[in-house]
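I have placed the structure first, in the form of structure tokens, so that the comments after it can refer back to it.
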Amino acid sequence: MIRLIKGFHDILPDETPKWGFIIRTAGETLERFGFREIITPVMERTELFERGIGQVTDIVEKEMYTFEDRSGDHLSLRPEATAGILRAVVEHSLLRREPILKVYTIGPMFRRERPSKGRFRQFFQINAEVLGDDSPFTDAEAITAAHAIMTNIGASGLMMEINSVGCQQCRDDFRAKLRRFLEPHLDELCPDCRRRYDLNPLRILDCKVDRCREIAKDAPVISDSLDAGCKEHFHKVQEILSLLEVPFRVEPRMVRGLDYYTRTAFEIIHEELGRSKAVGGGGRYDTLLKELGGPDASGIGFAIGVERLAMGMREEDPSYARRTDVYVAILGEKAREAGIRIVNSLRRQGLSAETRYSGMSLKAQMKVADKVRAKNVLMIGDDELARQEVTVRDMQTGDQFRISMDGIACYLQGDKR
RNA sequence: GAGGGCGUAGCUCAGUUGGCAGAGCACAGGGUUGUGGCCCCUGUGGCCGCGGGUUCGAGUCCCGCCGCUCUCCCCA
């Protein structure tokens, strides 16, 4: 047996209704917020991600599926959606046609990490971006949209955690300040944090090791390093979120994994999934578009992990259940021709109709009808055939009666309402 | 990358001091010549993850490998 790739997963017929519901609801919600769908390839030139995400990030350094194709091009499976979307926006000059662009995409991303609960090597993300507007209203709108998706899908126990990581200038200042504070404690930090000290000291604030937390508790907070503009921006975002009644909590220590974030950063935390597992996250990026060859415009985006979202949902929603309008039970060879014509005609009229061809007993066919959750069963045997009738059974009530073949559609359509 | 746990029927899992491979669910047939769900009976289905070792004898004990899973790291 050939098994599927580690960290990848199949979504089987029993689960696809739930997925369909999530994806449909997310799309509908985003359309309501003025986003339009964009679909970009799952593969891009490696260089795009190196420039977009940042060469020193974990994602690019060790998590990408990267290879050379037969002509020697360096290609990678996308580890996130933003870079590809921005590439398409720049390549097709979409921002020249409309100065503010709102797009979303839903599809698989790939990261070669060690799989664990809620983490896969192929995973689906709902991804939305607003480009060309750096107003704090837009930050709040993006956060509100992310929250709306979650609530429309029926997730509970949600919290939006927000922070401002400042603009380029603020971050440089803060980094220096943080290093100065941490220097005397360097040998008390965990090995990872010692490494982070040089590469990305901001991450130390986010460490889960007890001792590091203790030290970080008294560390300077980025909000004190924000310049007037960034401070005002962040303040405004909070004000608008309160106005819109989106529940949020300021997390001064939150730092996100992708390097390109500036100013607003946020995460969607689902309490039941455990504190270190965000269902989604996002933030503003002031320079990314320009770095990818686009205009000097700011953008903000977020991603929601579909697998994690599905984990946090209530189970057994009856609206996912399989439904069939009618099962046609064919009794005997002679009735087969009439049976398949009826099935076909019902389907043409937009009803879901199912049957079995292999001459099963009525009892067996009733079991099939039950399994596909048919609302009605139509029975056709020799007797019905002779009179050009069918026997209709309402599977809910068990009521049963004969109608003429000509009246089938009429009866079932009326029944469907 | 580091560390735990687990691999027995399609699924969930029992399996005693080493002694004939089990249950529930699912599936198929029957109890009803043409009537589902509930109930009863019967049946199909196993390289006991793979390879080696110990033993008269291994699902069980030992070693190696593979796979899955969880925690840490990081992230969606």
* Pair of N/O donor and acceptor under 3.5 Å linking rU35(B) base with Gln365(A) side chain -> no
* **Arg78(A) side chain vs Pro108(A) backbone, donor-acceptor pair below 3.5 Å** => yes
* Taking atom C1' in both rU60(B) and rG19(B), what distance in whole Å separates the two? -> 11 Å
* Structure fact -> Picking from rA76(B), rC70(B), rG34(B), the nucleotide nearest the side-chain atoms of Ser116(A) would be rC70(B)
* Checking all strands, does Phe120(A) fall into the base, sugar-phosphate, or nothing category for heavy-atom contacts under 4.0 angstrom? -> base
* Examine distances only and state if a side-chain atom of Arg308(A) and a backbone atom of Gly118(A) form a donor-acceptor pair shorter than 3.5 Å. => yes
* **Base-paired stems in RNA chain B, each at least three Watson-Crick or G-U pairs under 3.5 Å** => B:1-7 with B:66-72, B:10-13 with B:22-25, B:27-31 with B:39-43, B:49-53 with B:61-65
* Asked: Do NZ/NE/NH1/NH2 and the carboxylate oxygens of Arg24(A) and Glu28(A) come within less than 4.0 Å?
  -> no
* Pull out every residue in residues 378-391 of chain A that has a heavy atom closer than 4.0 Å to any atom of RNA chain B, ordered by number, or say none. => Met379(A), Gly381(A), Asp382(A), Asp383(A), Glu384(A), Thr391(A)
* To do: List in numerical order all residues of residues 329-339 of chain A for which some heavy atom is under 4.0 Å away from an atom belonging to RNA chain B.
  => Leu331(A)
Report each atom pair, protein N/O against N/O of nucleotides 2-7 of chain B, whose distance is under 3.5 angstrom.
from   : atom 1 : to        : atom 2 : distance (Å)
rG3(B) : O6     : Arg114(A) : NH2    : 3.2

Using distance only, find each side-chain donor-acceptor pair of residues 126-134 of chain A under 3.5 Å and give its atom names and separation, not counting sequence neighbours.
from      : atom 1 : to        : atom 2 : distance (Å)
Glu129(A) : OE1    : Tyr285(A) : OH     : 2.3
Glu129(A) : OE2    : Thr82(A)  : OG1    : 2.8
Asp133(A) : OD1    : Ser135(A) : N      : 2.9
Asp133(A) : OD2    : Thr138(A) : OG1    : 2.7

* Reported CG-to-OG1 distance for the pair Asp383(A) and Thr391(A), which is rounded to 0.5 angstrom -> 7.5 Å
* Please determine if a side-chain N or O atom of Lys6(A) lies less than 4.0 Å away from the OP1 or OP2 oxygen of rC68(B). => yes
* Asked: Can you find an N or O donor on one side and an acceptor on the other, under 3.5 Å apart, linking the side chain of Lys363(A) with the base of rG29(B)?
  -> no
* Asked: Near Arg179(A) CZ, under 6.0 Å, is it more than 12 heavy atoms from other residues, nucleotides or ligands?
  -> yes
* To do: Sort and list the pairs that fulfil salt bridge (Lys or Arg N to Asp or Glu O under 4.0 Å) and have at least one residue in residues 240-251 of chain A, not counting sequence neighbours.
  => Glu161(A)-Arg249(A), Arg249(A)-Glu251(A)
